[in-house]
Amino acid sequence: QQPYTTQLNISKSSKMVENKDAKDAVEAAIDKVKPLIAKVSFGGVMGFCSGYAMKKVGKAVAVTIGLGFFGLQSAAYLGYIDVNWNK
């Protein structure tokens, strides 16, 4: 049984070396891609924020134009504005 125990310990230590090498390769790949991920993440957040802001600004402009049109139509209906259609 003693050789079996020794054999088991050797295989465990060799697996540890393999896992350490694999971890280093993964960490190296992650370190290599980190700047790209940071740029893409920053660009995504900025794109979302600018899209959200444009949505709010667009709604405000649409409401302002709509209220202006409604006001002009109301003024024309009440007789404050007279349109000369013959001209």
Side-chain angles (χ1 to χ4, degrees):
Q1 288 181 349
Q2 186 112 9
Y4 177 74
T5 307
T6 306
Q7 184 69 27
L8 183 63
N9 288 338
I10 290 172
S11 65
K12 280 184 179 179
S13 63
S14 65
K15 286 182 182 177
M16 294 291 278
V17 170
E18 289 174 0
N19 288 340
K20 185 178 179 184
D21 291 340
K23 186 177 178 182
D24 288 340
V26 171
E27 284 180 359
I30 290 173
D31 288 341
K32 193 173 187 179
V33 180
K34 269 186 184 177
L36 178 63
I37 293 172
K39 287 179 183 178
V40 168
S41 298
F42 181 74
V45 169
M46 288 296 106
F48 175 79
C49 291
S50 64
Y52 184 78
M54 290 304 296
K55 180 181 173 183
K56 293 294 182 180
V57 169
K59 282 185 180 181
V61 169
V63 167
T64 302
I65 290 172
L67 287 174
F69 180 75
F70 178 75
L72 288 173
Q73 291 297 322
S74 297
Y77 179 75
L78 293 173
Y80 293 113
I81 298 174
D82 188 27
V83 179
N84 185 4
W85 291 104
N86 296 328
K87 194 172 185 182

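The chain is numbered in sequence order, starting from 1.
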message: I need the Thr64 OG1 to Lys59 NZ distance, nearest 0.5 Å.
response: 13.5 Å
statement: Separation between NZ (Lys34) and CD (Glu27), nearest 0.5 Å, reads 8.5 Å
message: Hydrophobic cluster membership, with links at side-chain heavy-atom distances under 4.5 Å among I/L/V/M/F/W/Y: are Val45 and Phe48 in one?
response: no
- prompt: Is it the case that one hydrophobic cluster holds both Val57 and Ile65, taking links as side-chain heavy atoms less than 4.5 Å apart, direct or via other members?
  reply: yes
- request: Find out whether Ile37 and Ser41 are in side-chain contact, i.e. whether some heavy atom of one side chain is under 4.5 Å from a heavy atom of the other.
  value: yes
task: Treating Ile, Leu, Val, Met, Phe, Trp and Tyr as nodes and any side-chain heavy-atom pair under 4.5 angstrom as an edge, say whether Tyr77 and Tyr80 lie in one connected cluster.
output: yes
